[in-house]
Number of protein chains: 4
Amino acid sequence: MSPRADALRNRARVLAAADEVFVEHGSTASTEEVARRAGVGVGTVFRHFPTKEALRDAVYAERLRRVGEEASRLADNTDAGAAFHEFFELLAGTSGPNQALTEALAASATDDQDVRGSLGVLLDRAQRAGAVRSDVGVDEVIALLIGATQATTWTADVSLRGRTLNIILDGLRPH
Amino acid sequence: MSPRADALRNRARVLAAADEVFVEHGSTASTEEVARRAGVGVGTVFRHFPTKEALRDAVYAERLRRVGEEASRLADNTDAGAAFHEFFELLAGTSGPNQALTEALAASATDDQDVRGSLGVLLDRAQRAGAVRSDVGVDEVIALLIGATQATTWTADVSLRGRTLNIILDGLRPH
Amino acid sequence: MSPRADALRNRARVLAAADEVFVEHGSTASTEEVARRAGVGVGTVFRHFPTKEALRDAVYAERLRRVGEEASRLADNTDAGAAFHEFFELLAGTSGPNQALTEALAASATDDQDVRGSLGVLLDRAQRAGAVRSDVGVDEVIALLIGATQATTWTADVSLRGRTLNIILDGLRPH
Amino acid sequence: MSPRADALRNRARVLAAADEVFVEHGSTASTEEVARRAGVGVGTVFRHFPTKEALRDAVYAERLRRVGEEASRLADNTDAGAAFHEFFELLAGTSGPNQALTEALAASATDDQDVRGSLGVLLDRAQRAGAVRSDVGVDEVIALLIGATQATTWTADVSLRGRTLNIILDGLRPH
DNA sequence: AATGAATGAGCATTCATTCAT
DNA sequence: GATGAATGAATGCTCATTCAT
């Protein structure tokens, strides 16, 4: 394995560790903690991400990549409406790690054309299938994903989370 | 002016300054900054609020009080549906300071019976007037207010904010 | 009661409170705490004792006065040797409040002629009675009182305290 | 020099600086002051000793180590009685730095088996040689060392210190 | 490239002291 | 005189960032 490969592997380990740590303690967690989790020294973290902000951005970018991946994966589903709903539930649903994906949307989605593209396809197909009202665009969907995530994060009551999410999904249905 | 009055005035100034500073920099803003904004020494801030957490709680409690006030004020409106919608727009709407009110809901609404009461009245009247579906309770409304606030905070585009909010309100209408 | 009398009463209350608080928490205890215990405002404490140091000094002076009082009281005892030993046990013995008296000796005894006088009488009589070696003076006794107090403060084991004290008293006996 | 060696050297410098500063200003001296004296940043002090208490403990432990060292060194002396007396004079004697050793005894001697061991040997040999009465144990000796140190610390008069110390040593002699 | 020790600005909090009432 | 609110310097501790090895 070339040294370059080692460095890449380290970068990935740091990124993964940061993602975990940020999910658990928020992005105010110390860089030391991230380094410890990654099994590297702080210096290594800073070599790959020269700033705490750069690390945070990279984590968000990676999460965004996964959001796009999920969207693409679901786009193959035959039932376009179900795919759209599943996507919503996946991101805004009950489990912490997935909710973290939405944080990435809030932080930088507007600029990321890949994600906008994947989401656009999912939305477009759902609209053509008559499962989603036709007067909404990708931006509204992103805003609602963010909102739904926060709304469901607020409470520990899982059934309340489900009911809240359904209200938002109802709002997205054609009248 | 008795010392008591002076002290109360100072307490209020600190609280107001903290509210402002927290809106601008989040509640991690330094106590020094709050003191500076209030035009007092740090010691004074700590005399009135012995802990950073106590200050944060007090700011939220005050915001919550204002939320309750708004709800009560709107409860007098003859058009119960309009009152409910106006409340939603007020808290989740476009202006920063009002959005801060929702933060208070997210932080502590569950425990505050006054706010739950005022909100309950507003919701109940809107439901009786047929403006809001009958299968939602105060908790769903709070969750949605939080969600709507975050959804609209995300973007600077005011018209997008309006459209997003309307989708949520549509979800709350009787089918 | 004249205002002067009120002020004197307050001074005494503050002094008593400071003594108690210093015994319990050491003289690093806050002035606020002393004021609270005395049932007065901080301002009153500072009016009577313009400095923390002044308060500490006053507490020590008062303790010294009590040391002198004890010495005088014991000087009446017919058995001069017993009186001397009792004095030693009183100051260096097991109970906290009495040990605090010795702190005052450590802080300022050299200068206080009253205490030196009372102690001198006690010592002199014990020496004449053949209970204490004749080659020691007041200074040695003070130094040993301080030492004995610290030696016995160190341990919680009461019987050990007693044995340690006896060794010192043995050292003071004529050979 | 490996980083490890540098770090160790720094740890030692901090420890030495803390010892000095604590001798001069007591262990309430600020960590800043210790850092300044050591010629390092505060962060470095806290890296090596994560808490003020940890630093104090480390200083005491180091002093205790030196106490044990002295005891061991003196144990080789042929005249066991002289060795014991020399030890007493060393710890409770006239020079400040040595008196600081006793502070360590007061703070933690009970738990440190090494020191108790070395002291025990010294004491035992002195007792077998008939220089120290047989009814005292290590605890009494420690208590008396503490007492003697305080007794001699109290005064600046060196000859008085010597006389006071001798009285205590007389008390330790077989009757 | 990786390491982790060093740095020092920054933060929450305490407390002696002052002063308006 | 008495009160206690206000002040701000000082303290212990954290953490992003740098750099010698």
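Scope of the values below: all heavy atoms of this structure, side chains included, with no hydrogens, waters or symmetry mates. So that the names make sense, note that chain A is the first sequence line, chain B the second, and so on, each numbered from 1. Being a predicted model, the structure only gives us computed values, none of them experimental.
- To the nearest angstrom, P of dA10(F) lies 11 Å from CD of Glu32(D).
- What separates CZ of Phe46(D) from P of dC13(F) is a distance of 5 Å, to the nearest Å.
- At whole-Å resolution of the value, CG in Asn10(B) and C1' in dT21(E) are 14 Å apart.
- The closest donor-acceptor contact from the side chain of Thr44(C) to the backbone of Val40(C) lies at 3.5 Å or more, if one exists at all.
- Checking Val42(B) against Thr51(C), the closest nucleotide of DNA chain E that is more toward the 5' end is the one next to Val42(B).
- At a threshold of 4.0 Å, the pair Arg65(C)-Glu62(C) counts as salt-bridged, since one of the basic side-chain nitrogens sits closer than that to a carboxylate oxygen.
- Position along DNA chain F of the nearest nucleotide to Val45(C) versus Val40(B) favours Val45(C) as the more 5'-ward residue.
- Between His48(A) atom NE2 and dA1(E) atom C1' there is a gap of 8 Å when expressed in whole angstrom units.
- Map Glu53(B) and Gly39(A) each onto its nearest nucleotide of DNA chain E; the residue landing nearer the 5' end is Gly39(A).
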Intra- and inter-strand pairing of DNA chain E, written as dot-bracket with Watson-Crick and G-U pairs under 3.5 Å and | for the latter, reads .||||||||||||||||||||
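- Put simply, the side chain of Arg63(D) gets close to the backbone of Ala100(D): a donor and an acceptor are under 3.5 Å apart.
- Residue His48(A) holds its NE2 atom at 8.0 Å from CG of Leu8(A), rounded to the nearest 0.5 Å.
- Residue Ala7(A) places its side chain closer to dA1(E) than to any other of dA1(E), dG1(F), dT18(E).
- Each of Lys52(D) and Thr28(A) was matched to the nucleotide of DNA chain F holding its nearest heavy atom; the match closer to the 5' end belongs to Lys52(D).
- Judged by distance alone, the side chain of Arg13(B) and the main-chain N or O of Ala38(B) form a donor-acceptor pair under 3.5 Å.
- Atom CG of Leu55(A) and atom P of dC15(F) are 15 Å apart (whole Å).
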